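Here the structure is laid out as structure tokens; the discussion comes afterwards.
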Number of protein chains: 2
Amino acid sequence: MPADAWLEQLRDNGYRLTKARRAVVETVEKTTRALTPVEVFDMARKKYRALGLVTVYRTLEKLEELRLIQRVHQPQGCQAFIAAGVGHQHLLLCQNCGQAAFFDGDDLEMLTNAIARNTGYQIQDHWLQLFGLCANCR
Amino acid sequence: MPADAWLEQLRDNGYRLTKARRAVVETVEKTTRALTPVEVFDMARKKYRALGLVTVYRTLEKLEELRLIQRVHQPQGCQAFIAAGVGHQHLLLCQNCGQAAFFDGDDLEMLTNAIARNTGYQIQDHWLQLFGLCANCR
DNA sequence: TCCTTATTGAAAAACATTTTCAATAAGTAT
DNA sequence: ATACTTATTGAAAATGTTTTTCAATAAGGA
Ligand SMILES: [Mn+2]
Ligand SMILES: [Mn+2]
Ligand SMILES: [Zn+2]
Ligand SMILES: [Zn+2]
């Protein structure tokens, strides 16, 4: 999804299109690895010098609400964000360079049915994430 | 695993058995939901009044090193810990009361092979976590 | 161009975690 | 039991991150 579509989403939800937001959106949208707020700040500031870190936090918050980005959980920390996958997808992360890819096609029906039977839980959702080495790094 | 086994693990690794550590270990070991450091502090302090929050952090750090506890990642936050599963197990969490259960038997071979083929990644590890409602809460 | 108000960045506050440090107590040797 | 060594402790301070406050600004509609 191009950065313009993100900006359109923001506008359609009543948010104003500012230089700060454009810089943040363009940075996150075109990066294929998870970025922390400070990383977004450093990168986006090259596009818009006056940008404040507070605005990065506020913009990430809105982008997450609109489901344009999602938080990435990792052993080293869970403060990073990445452009969200479309539909039912999960993340595959390179443990060396952080390069992220999405995949789909996971079918956990059988598993969750068996677990529901064994545990008495009603299963509503799942998190699945793969770690490995990307083609470049391996 | 009983609390004594945890204490034994600590002792075997050269750590001293103190009142503070006993209080933390007993608290975390017998609780079946994820606890934050402050929650551990509040609960363990009932067993040992002089306990300091700093020591809770330090003890949790050691228990994690020894793989007796593991960090629990959730949408609301990732600062909570729970007694670790044995062998290859994953967590199932009640979204209402936090009650946790472990399950095993997930077989992702087919999936990861297909993804490795499609993406060029060499897959080394996976995180899987289920969310739902426990028998009591549903 | 004017007007309203959402948005901004800076500063301060709040919060979570880590480090520093002198006092204490666990475990071992005597 | 006692003495000794030093890992461990809690309090305080420091650090790092995220949120709140607030007056100035600028986006977008009239
Ligand atoms: Mn899935
Ligand atoms: Mn598994
Ligand atoms: Zn890589
Ligand atoms: Zn429950």
Side-chain angles (χ1 to χ4, degrees), chain A residues 3-4 6-28 34-66 69 71-81, chain B residues 3-4 6-28 34-66 69 71-81:
Chain A
D4 284 349
W6 289 27
L7 295 171
E8 196 178 335
Q9 279 284 313
L10 283 169
R11 189 168 46 68
D12 289 352
N13 283 79
Y15 296 120
R16 293 180 182 177
L17 300 189
T18 65
K19 289 174 186 172
R21 285 178 181 160
R22 282 178 212 276
V24 170
V25 162
E26 280 170 27
T27 298
V28 178
L35 298 175
T36 64
V38 171
E39 284 175 327
V40 173
F41 177 60
D42 290 338
M43 292 169 72
R45 208 149 54 130
K46 288 173 184 156
K47 300 172 193 290
Y48 178 58
R49 292 303 309 176
L51 180 65
L53 177 58
V54 188
T55 299
V56 172
Y57 275 97
R58 290 190 279 226
T59 304
L60 292 175
E61 189 175 88
K62 288 179 175 59
L63 293 176
E64 192 180 24
E65 274 169 22
L66 297 178
I69 64 173
R71 186 178 295 268
V72 177
H73 300 260
Q74 287 186 268
Q76 315 92 301
C78 307
Q79 334 59 204
F81 294 88
Chain B
D4 284 349
W6 289 28
L7 295 172
E8 197 178 335
Q9 279 283 313
L10 283 168
R11 189 167 45 70
D12 289 353
N13 283 78
Y15 296 120
R16 293 182 181 176
L17 300 188
T18 65
K19 289 174 185 171
R21 283 177 182 162
R22 283 177 211 276
V24 170
V25 162
E26 279 170 27
T27 298
V28 177
L35 298 175
T36 63
V38 171
E39 285 175 327
V40 173
F41 177 61
D42 289 339
M43 292 169 72
R45 208 152 50 132
K46 289 173 183 153
K47 301 173 193 289
Y48 178 57
R49 293 303 311 178
L51 180 65
L53 177 57
V54 188
T55 299
V56 172
Y57 275 98
R58 289 190 279 225
T59 303
L60 292 175
E61 189 176 87
K62 287 178 176 59
L63 293 176
E64 192 180 22
E65 275 169 20
L66 297 178
I69 64 173
R71 186 178 294 268
V72 177
H73 300 260
Q74 287 187 268
Q76 314 93 299
C78 307
Q79 336 56 209
F81 294 88

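Remember, predicted model here, so these are calculated numbers, not experimental data. Protein chains get the first letters and strands the later ones, always in sequence-line order, with residue 1 at the start of each.
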- Message: Rounded to whole Å, how long is the line connecting atom OH of A:Tyr15 with atom P of C:dT5?
- Response: 18 Å
- Task: Provide, to the nearest angstrom, the distance between the OH atom belonging to A:Tyr48 and the P atom belonging to D:dA26.
- Result: 7 Å
- Rounded distance (Å) that lies between atom P of D:dA26 and atom CZ of A:Arg22: 15 Å
- Test item: B:Trp6 and B:Ile69 side chains (from C-beta on) under 4.5 Å apart, heavy atoms: yes
- Message: Can you tell me if A:Arg21 touches the phosphate of C:dT7, counting only side-chain N or O atoms and a distance under 4.0 Å to OP1 or OP2?
- Response: yes
- Message: Whole angstroms only, please: what is the CG-P distance between B:Leu7 and C:dG27?
- Response: 10 Å
- Does the side chain of B:Leu63 come within less than 4.5 Å of B:Leu10's, by heavy atoms? yes
- Ranking A:Arg16 and B:Leu53 by the position along DNA chain C of their nearest nucleotide, the one closer to 5' is A:Arg16
- 4.5 Å side-chain heavy-atom contact, A:Leu60 and A:Glu64: no
- Note on the structure: Here the salt bridge (charged side-chain N to carboxylate O under 4.0 Å, His left out) pairs for residues 11-28 of chain B, sequence neighbours left out, are none
- Atom pair distance, as rounded to whole Å: CG in A:Leu60 and P in C:dT8: 12 Å
- Message: Could you tell me how far apart A:Asn13 (CG) and C:dT7 (P) are, to the nearest whole angstrom?
- Response: 11 Å
- Task: With the side chain of B:Thr18 defined as its heavy atoms from C-beta on, choose the nearest nucleotide among D:dT20, C:dT18, D:dT8.
- Result: D:dT8
- Interatomic distance, CD@A:Gln9 vs CD@A:Glu65, rounded to 0.5 Å, equals 12.5 Å
- Taking only the side-chain heavy atoms of A:Arg58 (C-beta and beyond), determine which of C:dT8, D:dG28, C:dA26 contains the nearest atom. C:dT8
- Figure out the CZ/C1' separation between B:Phe41 and C:dA16, and round it to whole Å. 14 Å
- Message: Output the rounded distance in Å from CZ (A:Arg45) to P (C:dT8).
- Response: 16 Å
- Task: Taking all heavy atoms of A:Tyr48 and all of A:Ala23, pick out the closest pair and write down the distance.
- Result: CB-CB, 3.9 Å
- Considering residues at least two apart in sequence or located in another chain, which fulfil the side-chain contact (heavy atoms from CB on, under 4.5 Å) criterion with B:Val54? B:Arg58
- Task: Please list, by residue number, the residues of residues 73-81 of chain B whose heavy atoms come closer than 4.0 Å to an atom of DNA chain C; answer none if no residue qualifies.
- Result: B:Gln79
- Message: Quick check for you: among C:dT18, C:dT7, D:dT5, whose closest atom lies nearest to any side-chain atom of B:Val54?
- Response: C:dT18
